[in-house]
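All chains are named by letter (A, B, ...) in the order of the sequence lines, taking the proteins before the strands, and each is independently numbered beginning at 1. Bear in mind that the values here come from a model prediction, so they are computed numbers and not experimental data.
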4 protein chains.
Amino acid sequence: MSIEDQIQQTRAVVAALHAELPRWELVVWTAGNVSQRVVVGSAPGPTDLFVIKPSGVTYDELTAESMVVCDLDGNLVDGTRAPSSDTAAHAYVYRHMPSVGGVVHTHSTYATAWAARGEPVPCVLTMMADEFGGDVPIGPFALIGDDSIGRGIVETLQGSRSPAVLMRNHGPFTIGRDAKAAVKAAVMVEEVARTVHIARQLGDTIPIAQADIDSLYARYQNVYGQQPTHTPESDS
Amino acid sequence: MSIEDQIQQTRAVVAALHAELPRWELVVWTAGNVSQRVVVGSAPGPTDLFVIKPSGVTYDELTAESMVVCDLDGNLVDGTRAPSSDTAAHAYVYRHMPSVGGVVHTHSTYATAWAARGEPVPCVLTMMADEFGGDVPIGPFALIGDDSIGRGIVETLQGSRSPAVLMRNHGPFTIGRDAKAAVKAAVMVEEVARTVHIARQLGDTIPIAQADIDSLYARYQNVYGQQPTHTPESDS
Amino acid sequence: MSIEDQIQQTRAVVAALHAELPRWELVVWTAGNVSQRVVVGSAPGPTDLFVIKPSGVTYDELTAESMVVCDLDGNLVDGTRAPSSDTAAHAYVYRHMPSVGGVVHTHSTYATAWAARGEPVPCVLTMMADEFGGDVPIGPFALIGDDSIGRGIVETLQGSRSPAVLMRNHGPFTIGRDAKAAVKAAVMVEEVARTVHIARQLGDTIPIAQADIDSLYARYQNVYGQQPTHTPESDS
Amino acid sequence: MSIEDQIQQTRAVVAALHAELPRWELVVWTAGNVSQRVVVGSAPGPTDLFVIKPSGVTYDELTAESMVVCDLDGNLVDGTRAPSSDTAAHAYVYRHMPSVGGVVHTHSTYATAWAARGEPVPCVLTMMADEFGGDVPIGPFALIGDDSIGRGIVETLQGSRSPAVLMRNHGPFTIGRDAKAAVKAAVMVEEVARTVHIARQLGDTIPIAQADIDSLYARYQNVYGQQPTHTPESDS
């Protein structure tokens, strides 16, 4: 497939995946964005481009054509609109994590609430062990406008099994082998943030032993589903 | 009706009932599964097959054809996809509870929150007395991969009026005379888990006397509705 | 309009209003019911019949034809299905409150949560003063099967401006000049129960002075809207 | 564009924006209203008319034709229905804040819950710093029927960066350069009220330094989006 065809296909995928964010109630108004690295040729591998949502455009207006193409420094390469204000953070992740093919950012309510307290979500659900392999970690407070957010994401996730980081006072960023896997992680991080929040409202939760977490994570990452769909670490 | 026709009809019923899980907001992404025992002939009765959802397939993709058929040891008998990773638990229930014709598993939020604390939902609502005949019990912590989950479900529900068990740190499993009754129990267990959670957030709830619970349960199981729709115990 | 035409029109109104209950997320599965008194002739006035939902039928299946007609003792007069199991309570209200033309029962979550604690919802919102004229009261615990529920509703609401009562450990019943007004009260009681619950979770709410409640209630009942739509007391 | 065309266009805009209120779950039944100042000619500027929702009409019935036109004293100028009961408050805002082109009022649940406690929403989220530039303030308790509500809104917002005020025991009013900006503020104030509420349920939130709030606010108001969409203060 040519680079032009691959870009066009990636635009369509990224536009379609944005519809998952309001569908799962992860965003309001124009908040939130999805990006995917452009992969050239039949063999998957990193390139120096990614597709992302334009800034300040509502979800009803999103089309493949309105998506914008950026290089890994976050510069606009193709498109008629300004890229998302979070583009620098996405670009930093792609530059520093070669195995990552998709990035998602939302302000989903429960995940953001943990972020406002600066408190990791403890791993007390078997589905957290499956998907996150432990707690969902907190990243640093960072202002928008330079590499602070991207650096905070990468430094937090490189030492973690989790495909999600809760940036302090801000909200979740998630990664995956492609944008669909990152969207799935965005859906799941809100679900576990919400469930553990509710559990904790009426008392203490029961911890899961580390050996059981390890066992659940290993099994899920290797055998679940018809084929691997979310294995950001095993790609490394 | 021939066994082939009966399998085909059961595939259609199970596929259609999966749509109830996202409709009632019991699942996100591909989580959750519904199964139903295959009943042959005009007289209902147990057989050695059941129909269940394939693993890791999204709700938008579910069709009668994509459903898979398993024997009561959980082995794939018919279908082109791998069965749900929870198949062994469903199979164990069908092997050990002959009156059960349907099983549902979700991670519905409020029920799972009680499970994360390992705390039964107390029977403080008339609709709980009607549907569950008492508290909703907690089952043991169990790893996936052998009979532990199935055994935990059966041991908990055999001594209970409740068609729902909250597996610790995991989530609810429900049973019924058929898959529709098990889906109804899955909807109702989330509803009562949510309502009692909210009631308890602002103070103590008022207990219902055991004699009143017994009276409500007896009446509801016998006279409610146009015909019996959910009477897992009376089948025994 | 003939009595037959009036019954047919009331069946259509009651069937259509049932769709409001899931729309506003007041019910799950088959829970909840709406009824309306049959009014004969051009001058509104009480008759001895009302239309109500059949028992145990899902909201997808509700049509004007499936609605049933009962007399004020709750006996089935016309229809092919068994009336709702709450019919006796509706009938009792119509027998004892001539100004009431519609009754609604749900198990809506937040209203039921207050009922599980047996705690009235305090009037701390201007919209509560408008619609309820004060606190939403708690009715007694009552078993289904005789006049206990109906009597509890009537005894609680006859001394109150509120069109809603929260029956202890059970859920809300609401009344109105017609079924639409009772449905509106069912929507509003859940909304205020939810809002005040959330307010109270983080601390004390600020009371509204009784004189201000009286002023808001008097104004709203007299001048709001294009014409009176919910004035159960002023009909008396 | 003629004044008649401008009025007609404003009616269409205001009618369409009302659909955003139930879409974002900010209102139930007929509660909530949107208005927009009528702007004449190609150069934007204040006029002495605005378009608002009629009173007591459900969202399903709202059309451009049913919208009503009022002068800045709140008197009906054009339309067949009575204007919203909140018209006097909208009119007061337009009279006293020339840069405001749109006003929205809802009883959205979480914002109203903070209002029932009389407690400002603290600025602990980067998106609050972006959109509100600090805490969301509380306005005074005010009865409907004279200028009390409008005066409370204006006095609170004139000293604030926030486009939203939570009127005590009542609910949020929001302003913007046009009705769409005010609707966005209504959506965002509920979102931040909800997220901060949830964060606070399990412990203390981490404050954001005032200098960081200032930095985020300045950047967002100046560079976000394809063009300025919500800058009520910079218009002044």
**Q** Could you look at C:Glu190 and say if it's the side chain, the backbone, both or neither that has a heavy atom under 4.5 Å from chain D?
**A** neither

**Q** I'd like to know if D:Arg11 and D:Asp78 make a salt bridge, using a cut-off of under 4.0 Å between side-chain N and carboxylate O.
**A** yes

**Q** Count the heavy-atom pairs under 4.5 Å between each of C:Val183, C:Val192, C:Ile198 and chain D, then report the option with the highest count.
**A** C:Ile198

**Q** Identify the two heavy atoms, one from D:Gly74 and one from D:Ala91, that lie closest to each other, and give their separation to 0.1 Å.
**A** N-CB, 3.7 Å

**Q** Using ring centroids (six-membered ring only for Trp), state whether D:His90 and D:His105 fall under 6.0 Å.
**A** no

**Q** Who pairs with C:His197 by ring pair (Phe, Tyr, Trp, His ring centres under 6.0 Å), at least two apart in sequence or on another chain?
**A** C:Tyr110

**Q** What residue in C:Thr205, C:Ile206, C:Asp212 has the most heavy-atom pairs under 4.5 Å with chain D?
**A** C:Ile206

**Q** For C:Leu202, is it the side chain, the backbone, both, or neither that has a heavy atom closer than 4.5 Å to a heavy atom of chain D?
**A** both

**Q** Does one side chain, of C:Asp214 or C:Gln210, offer a donor that lies under 3.5 Å from an acceptor on the other?
**A** yes

**Q** Measuring heavy-atom distances to chain D, does C:Met188 have an atom under 4.5 Å in its side chain, in its backbone, in both, or in neither?
**A** side chain

